[in-house]
Structure formats: structure tokens, C-alpha cells
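The structure appears below as C-alpha cells.
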Amino acid sequence: MDKAYLHQQHEGSINALWEEHDAFNPDSVRAYKEKHTALLPTTGKSFSIVMPPPNANDPLHIGHAMFVALEDAMIRFHRMLGDDTLWAPGTDHAGIETQFVFEKKLKKNNQSRFQFDRETLYKMIWDYVQENSGIAQDQMKRMGASADWSRFTFMLDPTVVKIVLQTFVELHEKELIYRDYRLVNYCTKCGTAFSELEVKHVEQIDPLYYIKYGDFTIATVRPETKFRDTALAVNPTDPRYTDSLGKTFSIPGLLGPIEMKVIGDEEVDPEFGTGIMKVTPAHDPHDFELGKRYNLPVTPIITLDGRMDFTWFFEKAEKESVEPKYLERAHKYHGKKVAEARKLMVADMAEDGLLVKTDEKYLHSVGTCYRCGTIIEPLPLPQFFVKVKPLTDNALSALKKGEVKVIGAGHDKILKHWLENLKDWNISRQIVWGIRIPVWYSTSENPDLELHFTDDGKRVSGKISQLLQHYSLETIIQTLQELRPPMNAKFVVSIDSPGPDYIQETDTFDTWFSSAQWPYTSLQAHNDQDFARFYPTQVMETGYDILPFWVMRMLMMGLFKTNQVPFQTVYMHGLVRDQKGQKMSKSKGNVINPLTVIDQYGADALRMALVIRSTPGLDKSVGDPDFRAMRNLTNKIWNAARFIKEGLSRVESEKNAATADEALPQDEAFSKKLTAVTNQVTQQLHDYKLGLAAETLHNEFWHWFCDLCIEDAKKGSLSPALLSKGLVTFLKLLHPFMPYVTEAVWQELRREPLPWLSISDDAECMIFSAWPS
RNA sequence: GACCGCGUAGCUCAGUUGGUUAGAGCGCCACAUUGACAUUGUGGAGGCCAGGGGUUCGAGUCCCUUCGCGGUCACCA
């Protein structure tokens with residue numbers, strides 16, 4: 001054996017060894033056990049984890065290393081216990097993330113997504129993802145992830161997609177899907193709507209404008225929407241406005257007077273601003289609700305690309321006479337971005353004497369896109385929603401009954417809080433990279449269907465009834481970009497086209513709609529047995545940051561579709577932080593690349609550093625000193641084995657005394673303690689206390705086994721047979737955490753078995769050897 | 001405003017249903033070492049476990065409270 005453990009020389013060949021034995025595949029392990037029944041235990045239980053699928057096109061970061069280290073430790077432990085063990089790997093298509101990255105790439109080549117029809121664009125992204133898809137898998141393999149790669153699943157595999165579509169159909173049949181014209185959280189940069197969860201609220205200071213509305217003064221941060229105000233609202237108890245309540249006023253504005261009624265609503269805060277507010281249902285969620293309550297029209301003035309739209313005014317100007325000044329202004333604002341238009345309008349209002357005052361230091365919070373940081377525009381769009389109440393009720397009752405247990409500081413309470421307060425889920429996304437919603441519109445029944453398609457690389461837009469006069473439906477479908485079906489459009493929910501007259505919805509599902517189904521889709525993607533054999537899974541292990549996005553929704557969808565919880569235990573790990581406890585970020589330059597660490601210190605050192613003393617639900621700091629310390633542990637393990645294999649025999653022959661049969665003074669205490677450590681670590685692993693188990697092992701191995709027991713054996717007060725047995729026990733206990741060095745030592749020991757220790761009664765590879773009892 | 005965490009050695013953190021003398025890594029000091037390992041060993045310094053109160057034979061651990069730090073959600077014309 002080498003004087004030191006050199007990870008570079010072992011990790012590759014050990015991966016090859018495991019691959020040769022197909023050791024990660026439960027079917028192969030089962031077959032091996034059938035051949036060696038005398039050697040290996042079988043519990044008859046199954047243990048499965050479905051891997052949180054990384055984005056197919058992303059290189060792995062330290063967070064992935066964390067989940068690999070934890071999940072692989074659980075998997076290896078249960079495999080050695082004799083459970084029928086599966087770790088099912090896969091990758092996610094990551095809808096918006098991927099399309100966003102791809103569009104950036106297009107932009108570099110001076111191209112835009114609008115030059116392509118959706119099918120072409122989809123195919124381009126597909127090919128791009130394929131190029132990168134092997135990377136994540138290779139990197140996880142280098143971390144020692146013992147996932148069954150033969151069961152690798154991609155979110156857009158046909159079997160997965162089919163189940164996801166069927167789920168939508170079933171939800172619709174049970175009346176849990178509805179299409180509604182609502183204000184959605186729209187990012188004008190990403191070009192799609194988002195769910196509530198993807199909106200990040202940030203505090204910022206904006207000017208609050210006090211504007212003259214006839215005899216009233218209102219306060220607003222969004223003067224640009226004032227042209228489409230439909231009413232004024234006050235608190236009905238506010239004495240200042242009781243006389244005006246219910247009356248209609250003609251309010252002079254930048255484009256002439258608007259008729260507005262004063263309505264009373266309890267929700268208006270008399271303390272805020274002037275106690276009177278303008279109601280703009282098309283561009284404010286609160287106003288939208290008010291509008292619904294008082295039957296006010298929804299009249300948008302901002303387009304999907306975040307620009308002012310005065311078409312309505314120009315149409316009006318054609319019908320009735322409008323002062324040239326107003327028309328000029330409308331033309332000035334038209335097509336301008338919101339922020340720019342706001343400036344122009346404020347200037348004009350000041351000129352007209354409509355601006356009373358400006359509070360420049362108004363602090364409020366605005367919704368921004370979690371993805372790109374752009375301010376979210378609340379825009380009215382018809383979208384598909386999932387009615388969540390029945391689903392969250394089921395999830396809550398499963399939690400209450402203890403069918404799912406959440407491990408991780410306080411996160412069980414956070415999950416409960418989410419489930420109790422969840423709003424209906426907008427699952428429509430205006431992107432092509434995803435699963436297309438299985439909804440069909442008849443072109444004859446919906447003549448007003450608006451759509452965009454490409455004709456020779458140019459974007460053509462219009463209503464279907466008009467477009468069909470110049471193009472065939474087939475051409476339109478083939479080169480379709482997007483559909484904008486009006487709210488009253490009739491539609492059919494169906495996986496396949498209901499007839500030749502139909503055109504499919506172009507919106508795709510929210511990525512999380514398919515991820516939410518991952519446990520039962522990925523287990524049905526490869527054969528007919530896995531689902532019965534491995535579902536529900538035992539553990540869902542993932543970062544706490546995606547608890548509401550993913551874990552909660554898996555629970556909801558799993559219960560809906562399978563009437564069972566998708567997993568019994570949720571283990572939530574924390575963020576990986578740097579040595580100083582700071583968040584890692586590219587701008588700080590403190591990002592740790594797991595592969596660099598593997599190159600330098602080995603996969604075992606990386607894994608152990610991440611797991612040791614980690615606590616579920618809390619963040620973990622790691623840095624170079626930690627990796628070095630754990631690399632030293634790999635070397636310690638190697639050298640303990642080297643001494644027992646090569647040095648102890650020399651000590652023995654020099655002494656020429658104690659035989660293997662003779663009991664020595666320390667033997668009894670040694671055996672007792674070894675059993676105690678084994679039991680302790682086993683229990684800690686059963687209790688999902690992985691950080692503690694790793695720490696126990698580190699301390700007992702180094703400071704008891706090496707520092708005391710090996711020295712005892714040198715002195716001749718502990719028998720070599722027992723010491724060797726202790727080594728094997730520790731190797732096995734350590735294997736889930738440090739698979740490479742333990743397997744490497746195991747192979748060394750098997751090469752020329754020690755005279756006083758028979759390991760021929762054990763497996764060829766440590767990975768499926770029996771857990772010590 | 002609501003909820004959830006955290007506060008333990010110089011630093012980063014463990015501490016299991018409450019139970020001897022509170023631990024680890026890194027760092028620091030002294031010494032050792034040709035034979036498992038310098039990626040080492042031995043010894044050591046360093047803690048009113050954030051403050052206060054309570055329950056208990058016994059509290060870092062449970063309860064109340066104050067302070068400090070972090071996170072999440074909600075509202076905002």
C-alpha cells in the first residue's frame with residue numbers, strides 16, 4: 001500500500017469497479033444476493049429516494065454536492081442494511097431558466113425568439129439541452145453518487161410528459177382547473193406570467209405623486225395608468241367624502257375630462273395619502289378586486305412588452321372630436337416604456353397645474369421578477385389556474401396524521417403555514433420550452449382567436465378568421481408562435497387533437513407543475529414494476545429554499561394522483577456558505593466549485609466536510625480548512641489499514657507471542673465499545689442525524705480507534721484479530737460518508753487477506769457488503 | 001404586521017428523550033517523533049453555553065421574558 005492515500009489514483013478505478021458490478025442498480029444487487037444468500041442480508045423492505053432533478057443544462061455547484069453527499073449516505077446505508085434500495089436520478093427541463101439562457105445565446109448571434117415558430121424554437125432548445133445533458137450526470141458520478149443511472153429520467157421524456165398531461169385532464173375533470181381573466185404577475189422582460197411564489201418583493205423608494213382630480217386630490221406612484229381609471233374610492237365612513245359618495249364627477253386630465261363615480265369601500269384606508277384613491281382594475285391587483293366588486297370595466301393601457309398603448313384613445317379620436325393638444329400628447333406617450341412615459345406625464349401634469357406635490361421619499365415594496373429583477377407588471381390575461389384548496393386540505397391532513405414527517409429546524413411549521421395560506425396556482429407560462437397545455441380551440445367556433453405566426457421569418461399577427469383568408473390552417477399551425485385566445489374562447493381539454501379544425505394552446509405548464517409530479521412520473525418512466533416496488537418513497541431530500549415551490553406541490557399532487565403521500569420523510573438541508581458563514585455569490589468571488597475540491601482533496605473529503613456536523617434546516621459553512629481536515633481523515637483511514645495489514649504482522653512476529661485465540665487485557669472493553677459505537681451510529685442514521693453520525697465516526701475512529709486501540713495493539717494488550725475486526729467495522733460504518741477510501745481499503749484487504757481475519761465471508765465490494773450489527 | 005430560526009472556545013459549528021468534568025475542526029502555545037500516518041503524536045491555554053426569571057434533585061437542552069442577528073410571508077394608493 002502507498003504511504004498516503006492518493007485519491008486521484010483510486011476514485012476512477014473504484015467507479016469502474018462499481019460500474020462493473022452494476023452496484024447501483026437494485027436489480028443487479030438483488031441478483032447478486034440471490035447468488036450469495038449466505039453472505040448478505042435482505043430485509044424485504046424497500047428504500048427509495050427520488051433525486052431532486054438538477055437543471056439539465058447547468059453545471060453543478062456546491063449545493064448539488066450537498067444533496068449528493070446526504071442522499072448517497074442514506075442510500076448506501078440502506079443498501080448495506082439489505083433493503084431493496086433505489087436512488088432514481090434525473091434532470092429537469094427547467095422551463096424559464098433554460099429558455100432564458102438560450103435566448104441570451106440567440107441575442108449574441110443577433111437573433112430573437114420572434115424570428116422562429118414555436119416548434120423550431122423548441123427543437124433548437126432541445127438540441128442545446130442535449131449537448132449539455134451529460135455534464136450534470138458525469139459530475140454527480142464523480143462525487144460518488146450511487147444512483148441507478150440506468151433509470152435516469154429527463155422531465156421531458158415521453159412517458160413523463162404523458163402522465164403530466166393526464167394529470168391536467170384529471171384535474172380538469174374534477175373541476176380543479178379553471179381558465180380565468182385575471183391580473184397575473186407578468187414579467188415584460190422574460191415575456192411570461194409567473195405564480196405568486198416567483199414574485200420577489202423588494203422595498204424601494206419611489207416618488208408618491210399628489211394629483212388633482214377635479215375637486216379631489218389623490219396620491220399615486222403610478223400616474224401613467226390614470227387614463228384608464230374607472231372610479232374613485234373612499235372609505236364610506238370618511239366624513240370628508242360622504243357628500244360625494246355615489247356621485248359621478250367629470251375629472252379633468254391630461255387627455256381631457258373623464259367621468260368617474262365615487263364608490264365607498266371598507267378597504268380604503270382613510271389615513272393613507274388623502275383618503276381617496278383612483279381605481280385602475282387593469283393594472284393593480286387590489287383595484288382589480290374592487291373592480292370585480294363594483295362591476296368596473298378592465299381597461300388595459302400597458303402591453304405585454306411593458307409599453308404604453310393609446311390605441312383606444314386614437315380610436316376614440318376618430319369617432320369624436322378631440323383637442324389637438326390631447327392627441328399630440330397621446331402620440332407622445334404611445335409606445336413608450338412605462339418608466340419613461342411616467343416622467344413625460346408628470347411633466348405635463350405640472351404644466352397643467354394638476355400636480356399638487358410630490359413625496360420623493362415614499363418607501364414601499366414592489367414585486368420584481370425572481371429571475372431577472374424586472375418590476376412585475378400586473379396585467380390582465382386569461383390563464384389556467386389550479387384550484388388549490390382541496391389539494392392543500394389533503395396535504396394538511398396527511399401532515400396532521402403523521403404520514404409525512406418534515407426534518408429541519410422549523411420547516412414543518414413553515415410548510416403548514418404555506419398550505420394554510422396558498423392562493424390558486426397560475427400554471428400558464430408564455431414560453432415554448434416546456435410541456436404544452438393540452439387545451440384545444442376550434443378555429444370555426446372562435447373566430448376572434450388572436451395569434452402570431454411566422455411567414456418567412458417575419459411575425460404575422462391577427463385574428464384567425466381573417467388570417468384564414470390568406471393562409472391555410474395547416475401553415476398557420478406549422479409556423480405558429482403564440483395564441484391569444486380571448487377570455488370567452490371555447491376550449492376542449494384533450495391530450496390529442498379533437499379534430500382537424502382545432503389549434504392547440506401555446507402556453508406551457510409552469511415548470512413546477514411537472515416537477516410536482518416527479519416522484520410518480522420518474523418511477524413510471526422505465527418499467528411497470530418500479531412504481532409498486534418503490535412508491536411511496538422513503539425520503540425526499542432537498543434544500544429548504546424550494547420547500548414551497550417543490551416539496552409542498554409534490555405533496556399536493558402526489559396525494560391527488562396516487563392517494564398516497566409521495567414520500568414519508570422530508571429531509572431539508574440548508575444553504576452551503578463559505579468559511580466565514582457568508583452566502584456564496586459570483587460577485588463576492590467566494591464560490592466553491594465542487595469539482596475543484598474533488599481534484600484537490602478527493603470526493604470523500606468534499607462529502608465528509610459537507611455532512612459532518614451539518615444540521616437539517618440550518619445553513620452550513622465550509623472552506624478549505626474543512627476540506628483539508630477531511631482529506632486528512634481519508635489518509636488516516638488508509639494508514640490505519642496499512643498498519644494493520646502491513647505493520648501489525650511485523651509487530652506480532654517480533655513479539656512472537658500472543659496467538660489469535662488468547663484473550664488480551666483490552667479485548668473485552670474493546671468489543672464492548674465497538675458494539676456501542678456501531679449501535680450509536682446505526683441509530684443516528686436511522687434517525688436521519690447524519691451530521692451527528694459523521695461526527696461520532698470521526699471522533700471514535702480517530703481518537704479512540706487510532707489513538708488508543710492501535711497503540712494498545714502495538715503494546716500487545718489488544719489482540720490483532722479484534723483490532724482488524726474493528727477496522728472492518730469502521731470501514732463499513734464510514735462507507736456511506738466516504739465511499740472511495742473505504743472501498744479502496746476494502747479491495748486492499750481482500751487482495752491478501754490477513755491471517756487473523758477472514759473477510760472471504762463478505763461481499764466483493766464494500767458497497768453491497770453487510771452493515772455491521 | 002405575522003411566522004420561522006439562530007446566539008456555545010479566537011473563527012466555523014456539533015451537542016441525541018434534561019444526567020458525571022460542555023465537544024470537534026481550524027487557529028494558538030510547548031514538546032515529541034527513524035517503523036501506520038508531518039496529511040503525525042503527546043500535553044496545554046482558551047467557555048458565567050447572549051442577559052434575566054421560572055420548572056426540576058439536576059438545565060446549554062424545557063417554559064416565560066428582554067436584547068442582538070438572520071430568514072420567509074403579507075400589506076402598502
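Labels below follow one simple rule: chain letters A, B, ... track the order of the sequence lines, proteins then strands, and each chain is numbered from 1.
Between A/Tyr186 and A/Phe194, the ring center distance fails the sub-6.0 Å criterion. Close placement of the A/Phe77 and A/Trp771 rings is indicated, their centers lying within 6.0 Å of each other. Taking the centre of each ring, A/Trp638 and A/Tyr740 stay at or above the 6.0 Å mark.
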Problem - Strand RNA chain B in bracket notation, Watson-Crick/G-U under 3.5 Å with | for pairs to another chain - result: (((((((..((((.....[...)))).((((((....).))))).....(((((..]....))))))))))))....

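Remark: A/Asn421 CG is packed, more than 12 non-hydrogen atoms of other residues, nucleotides or ligands lying under 6.0 Å away. Other residues, nucleotides and ligands contribute more than 12 heavy atoms inside 6.0 Å of the NZ atom of A/Lys588. More than 12 heavy atoms of other residues, nucleotides or ligands lie within 6.0 Å of NZ in A/Lys673, so this atom counts as buried by the packing criterion.
Using a 4.0 Å heavy-atom distance criterion, A/Thr634 is classed as making no nucleic acid contact. Contacts of A/Lys278 with the nucleic acid, taken as non-hydrogen atoms under 4.0 Å apart, are absent. Nucleic acid contact class of A/Val221 (heavy atoms, under 4.0 Å, all strands): sugar-phosphate only. Backbone-only contact: A/Tyr362 has heavy atoms under 4.0 Å from sugar-phosphate atoms and none from a base. Within 4.0 Å of A/Arg642, counting heavy atoms only, lie sugar-phosphate atoms of the nucleic acid but no base atom. A/Leu692 comes within 4.0 angstrom of a base, heavy atoms only. Using a 4.0 Å heavy-atom criterion, one finds that A/Leu208 contacts the sugar-phosphate atoms exclusively. Note on A/Asp284: only backbone sugar-phosphate atoms sit closer than 4.0 angstrom, heavy atoms only; bases stay farther off. Here A/Trp418 lies in heavy-atom contact (under 4.0 Å) with sugar-phosphate atoms only. Contacts of A/Gln683 with the nucleic acid, taken as non-hydrogen atoms under 4.0 Å apart, are absent.
For the pair A/Ile637 CD1 and B/rA36 P, the computed distance is 18 Å after rounding to whole Å. What separates NE2 of A/His201 from P of B/rC75 is a distance of 6 Å, to the nearest Å. With rounding to whole Å, A/Leu727 atom CG is found 14 Å from B/rC37 atom C1'. Rounding to whole angstrom units, CG of residue A/Leu690 and C1' of B/rU16 are separated by 14 Å. Rounded to whole Å, atom P of B/rG5 lies 18 Å from atom CG of A/Leu575. Across the protein-nucleic acid pair, A/His411 atom NE2 and B/rG5 atom P stand 9 Å apart, rounded to whole Å. Spacing between atom CG of A/Leu415 and atom C1' of B/rU72 amounts to 13 Å, rounded to whole angstrom units. Taking atom CE on A/Met552 and atom C1' on B/rC3, their separation rounds to 15 Å, with Å as the unit.
Set against B/rA36, B/rC75, B/rC6, the side chain of A/Lys714 has B/rA36 as its closest nucleotide. Picking from B/rC73, B/rA36, B/rG41 the nucleotide with the shortest atom distance to the side chain of A/Asp707 gives B/rG41. Picking from B/rU39, B/rU40, B/rG5 the nucleotide with the shortest atom distance to the side chain of A/Ala4 gives B/rU39. Of the candidate nucleotides B/rA36, B/rG41, B/rG5, B/rA36 has the atom nearest to the side chain of A/Glu711.
B/rU56 and B/rG15 have their P atoms separated by 28 Å, given to the nearest Å. Taking atom C1' on both B/rG7 and B/rG44, the two are 28 Å apart, rounded to the nearest angstrom. Across B/rA22 and B/rA59, the matching P atoms stand 14 Å from one another, rounded to whole Å. Comparing the C1' positions of B/rU16 and B/rU55 gives an interatomic distance of 22 Å, to the nearest angstrom. Spacing between B/rC4 and B/rU66 at atom P, rounded to whole Å, works out to 15 Å. Here, B/rC6 and B/rC63 have their P atoms 11 Å apart, quoted to the whole Å. Rounded to whole Å, the P atom of B/rU39 lies 38 Å from the corresponding atom of B/rC49.
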Handout entry: Verdict with reasoning, A/Glu541 to A/Met74, per side chain to side chain contact (heavy atoms under 4.5 Å, CB included)
Key = CA-CA 10 Å; A/Glu541 194 287 330; A/Met74 298 182 202; 3.9 Å; yes

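A cation-pi contact links A/Lys357 to A/Tyr210, judged by a cut-off of 6.0 Å to the six-membered ring centre and 45° from its axis.
Between A/Asp624 and A/Arg628, at least one side-chain nitrogen of the basic residue sits less than 4.0 Å from a carboxylate oxygen of the acidic one, meeting the salt-bridge criterion.
Using a distance-only test at 3.5 Å, with no hydrogens or angles considered, a donor-acceptor pair links the side chain of A/His7 to the main chain of A/Ile598. Put simply, the side chain of A/Asp265 gets close to the backbone of A/Glu267: a donor and an acceptor are under 3.5 Å apart.
Close to B/rG5, at under 4.0 Å from its OP1 or OP2, lies a side-chain N or O of A/Lys413.
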Protein-nucleotides 19-26 of chain B N/O pairs under 3.5 Å:
residue, atom, partner, partner atom, Å
B/rA24, O2', A/Arg613, NH2, 3.3
B/rA24, N3, A/Arg613, NH1, 3.3
B/rG25, OP1, A/His703, NE2, 3.2

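Comparing A/Val202 and A/Ser614, the nucleotide of RNA chain B nearest to each residue sits closer to the 5' end for A/Ser614. Where A/Arg631 and A/Ala409 meet RNA chain B, the nucleotide closest to each residue was compared, and A/Ala409 sits on the side nearer the 5' end.
A/Lys636 contributes a side-chain N or O that forms a donor-acceptor pair with the base of B/rC37 under 3.5 Å.
With A/His364 as the fixed residue, the side-chain contact (heavy atoms from CB on, under 4.5 Å) test singles out one of A/Asp206, A/Ile205, A/Leu208: A/Asp206.
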